[in-house]
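What you are looking at is a predicted structure, and each value in this text was computed from that prediction instead of being measured.
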Amino acid sequence: MMPRSGSFTGTTSASSNDAEEVSFCTENCSVIIFGETGAGKSSLINLIAGTEAAPTSPDAMGCTAGTKEYVHDISVQNKTLKVKLLDTAGLNEGSEGTVPADEGRKVLKKLLQKRMGQDDINLIMYCVQGAKQGPQGIKGLCRNYEMCKSEVQGRIPIVLVVTGLENMKTEMEEWWKNNERFISEHSMAFAGHACITTLTDDATLRGRRDQSYHAVCKLIEECRTRNGHGPKKIVLFGEAGAGKSSVVNLMAGKEVAATSNDMQRCTLHWQDHAIDFGGESYTVFDTVGLEKPQLGIGGYLDSVENVYRLIKELDQQGGIDLLLFCIRAGGRLSPAIQSNYRLFHEFLCEKKVPIVIVFTHLERELRMEDWWERQQSTFEKTLGIRVADHCVHHCR
């Protein structure tokens with residue numbers, strides 16, 4: 001048996017009063033585990049709990065008829081985290097299975113909708129059997145991922161847990177290295193992954209079992225922190241000279257980002273800044289200014305690729321909370337402004353992230369809002385949106 005901090009505290013139905021009390025704990029995390037029948041979902045529960053809490057089956061027949069809820073304390077980074085684990089019925093069972101395939105998908109969708117409505121999901125674990133290959137396995141892997149992704153719409157991080165890797169001749173992590181490209185090519189983006197074994201009856205596998213336990217616990221804590229328990233993420237973008245770095249300093253209340261007194265760029269690569277204000281914590285990502293003439297076609301494409309990687313990484317970590325579009329007031333609405341807006345808001349973030357436009361260099365206006373009232377119709381007509389944001393003055 002693996003060493004554990006904390007103990008298994010029970011299994012309940014989804015409507016249990018005990019389960020509802022857990023959700024009010026300050027250090028808690030709700031995890032939904034889904035996957036095909038035989039993927040090892042119940043065994044994953046037992047790995048985390050350190051006991052045979054969930055019934056398992058040695059064959060491909062499902063052993064979980066409905067959603068079962070388990071509560072367990074785990075120790076991560078010198079603190080105790082109360083984890084609520086929801087074990088779901090296996091997907092892709094035949095009509096003779098414990099839960100038919102169509103019914104299993106319907107139940108999972110309803111569970112996701114209900115828990116998101118209650119703000120009671122921190123993480124979704126997609127459990128797959130590492131040894132399962134072939135066209136049918138690949139088809140099922142993609143189909144189940146897309147179904148879950150379409151329900152959560154990027155609001156909840158999805159991680160991949162690969163089981164059945166106890167017989168890997170190399171490190172279990174090698175499975176990910178061998179399959180990462182395939183996963184990316186099929187447009188599956190996970191916020192994290194763990195390659196594990198859940199076997200408990202083989203003493204020779206104790207090292208790998210302990211490694212698996214710690215990998216899963218680390219995954220839970222990391223994604224819990226990203227999803228609603230960590231700083232909100234803001235991406236700041238705009239042309240060079242628009243005052244992006246100065247806006248960062250304005251938000252921080254001190255000089256944390258390098259600035260320039262002319263139109264030269266002072267951010268050559270995206271930089272992140274930890275900022276606290278209004279009783280909240282934020283991470284502000286200051287991106288490089290994107291203009292083709294100044295950068296040249298090669299530099300422009302490199303910068304776009306750099307920004308794309310940043311947005312993709314943040315998306316895998318639970319998403320972006322806000323886009324801040326920084327525009328220097330007084331100039332014309334240039335093609336670069338329009339292309340930046342469409343690149344970030346429409347293409348990279350697919351219109352799913354709230355956007356605020358920040359106008360700078362308005363220190364000569366007696367009333368800064370007067371400038372916006374004169375320019376509002378031009379911006380709305382050109383960008384094709386109704387803008388209801390505010391002018392912001394920052395001192396130079």
Heavy-atom pair of closest approach, residues Ser212 and Thr197: OG-N, 3.0 Å
Note, Trp175 side chain near Met168 side chain (heavy atom, < 4.5 Å): yes
Steps toward side chain to side chain contact (heavy atoms under 4.5 Å, CB included) verdict (Glu346, Tyr341): CA-CA 7 Å; Glu346 298 179 3; Tyr341 171 80; 3.6 Å; yes
Carboxylate-amine/guanidinium proximity below 4.0 Å for Lys312 and Glu305: no
Value rounded to 0.5 Å, distance of CE in Met116 from CD in Gln113: 6.5 Å
Lys244 side-chain N/O to Gly238 backbone N/O, donor-acceptor pair under 3.5 Å: yes
Glu174 side-chain N/O to Glu171 backbone N/O, donor-acceptor pair under 3.5 Å: no
Any donor-acceptor pair under 3.5 Å from Arg208 side chain to Glu166 backbone: yes
Polar side-chain atom of Asp321 near backbone of Lys233 as donor-acceptor pair, under 3.5 Å: yes
Ser339 side-chain N/O to Ala336 backbone N/O, donor-acceptor pair under 3.5 Å: yes
Verdict with supporting geometry, Val235 and Ile311, side chain to side chain contact (heavy atoms under 4.5 Å, CB included): CA-CA 9 Å; Val235 172; Ile311 300 298; 4.3 Å; yes
Main-chain N/O of Val128 paired with Thr163 side-chain donor or acceptor, under 3.5 Å: yes
Flag side-chain contact, heavy atom, 4.5 Å: Val248 against Val256: yes
Leu85 and Val71: CA distance, side-chain angles, deciding distance, side chain to side chain contact (heavy atoms under 4.5 Å, CB included) verdict: CA-CA 6 Å; Leu85 304 163; Val71 181; over 6 Å; no
Reported NE2-to-CG distance for the pair His345 and Leu323, which is rounded to 0.5 angstrom: 7.5 Å
Test item: side-chain donor near acceptor, Asp272 and Thr283, under 3.5 Å: no
Donor-acceptor under 3.5 Å (Tyr145 side chain, Ile158 main chain): no
N-O pairing of Glu350 and Arg342 below 4.0 Å: no
SB check Glu173 Lys177 (cutoff 4.0 Å): no
Close side-chain approach of Lys352 to Ile320, heavy-atom, < 4.5 Å: no
Lys/Arg N to Asp/Glu carboxylate O, Glu151 vs Arg105, below 4.0 Å: no
Phe237 vs Cys326, side chain to side chain contact (heavy atoms under 4.5 Å, CB included): CA-CA, chis, key distance, verdict: CA-CA 6 Å; Phe237 70 99; Cys326 195; over 6 Å; no
Distance-only side-chain donor-acceptor flag, Asp286 / Gln271, under 3.5 Å: no
Approximate separation, where rounding is to 0.5 Å, of His186 NE2 and Asn179 CG: 11.0 Å
Ring geometry between Trp176 and Phe190 (parallel below 30°, tilted from 30 to 60°, perpendicular above 60°): perpendicular
Flag for Glu180-His193: side-chain donor and acceptor within less than 3.5 Å: no
CZ (Arg374) with more than 12 external heavy atoms under 6.0 Å: yes
Co-membership, hydrophobic cluster, residues Leu205 and Leu165, 4.5 Å side-chain: no
CZ on Phe285 to NE2 on His273, rounded to 0.5 Å: 10.0 Å
4.5 Å side-chain heavy-atom contact, Tyr213 and Gln211: no
Closest non-hydrogen atom pair between Ser30 and Asp120, with its separation: OG-OD1, 2.9 Å
Side chain proximity check, Tyr126 to Asn144, heavy atoms < 4.5 angstrom: yes
ILVMFWY cluster, Val161 and Leu199 together (side-chain gap under 4.5 Å): no
Contact check, side chains of Ile32 and Thr88, non-hydrogen atoms, under 4.5 Å: yes
Thr287 side chain vs Leu236 backbone, donor-acceptor pair below 3.5 Å: yes
Nearest non-hydrogen partners of Pro157 and Leu123, listed with the distance: O-CD1, 3.6 Å
Single-linkage hydrophobic cluster Phe325~Met368, side-chain heavy atoms < 4.5 angstrom: yes
Non-hydrogen atoms of Ile33 and Cys127 that approach each other most closely: CG2-CB, 4.3 Å
Lys41 vs Asp87, salt bridge (charged side-chain N to carboxylate O under 4.0 Å, His left out): CA-CA, chis, key distance, verdict: CA-CA 7 Å; Lys41 300 183 299 300; Asp87 189 8; 5.3 Å; no
From Ile74 atom CD1 to Ile48 atom CD1, the distance as rounded to the nearest 0.5 Å: 7.0 Å
Flag side-chain contact, heavy atom, 4.5 Å: Val31 against Val83: yes
Neighbour count >12 (heavy atoms, 6.0 Å) for atom CG, Asp119: no
Least distance between heavy atoms, Gln153 atom then Ser150 atom: NE2-O, 2.7 Å
Nearest atoms (heavy-atom pairs only) where Ala49 meets His72: O-CE1, 3.4 Å
Distance in Å, Ser187 OG paired with Glu146 CD, rounded so as to fall on 0.5 Å steps: 7.0 Å
Same apolar cluster (I L V M F W Y, side chains within < 4.5 Å links), Ile121/Leu160: yes
Lys114 side chain near Lys110 side chain, heavy-atom distance below 4.5 Å: no
Exercise: do Glu36 and Gln129 side chains pair donor with acceptor under 3.5 Å: no
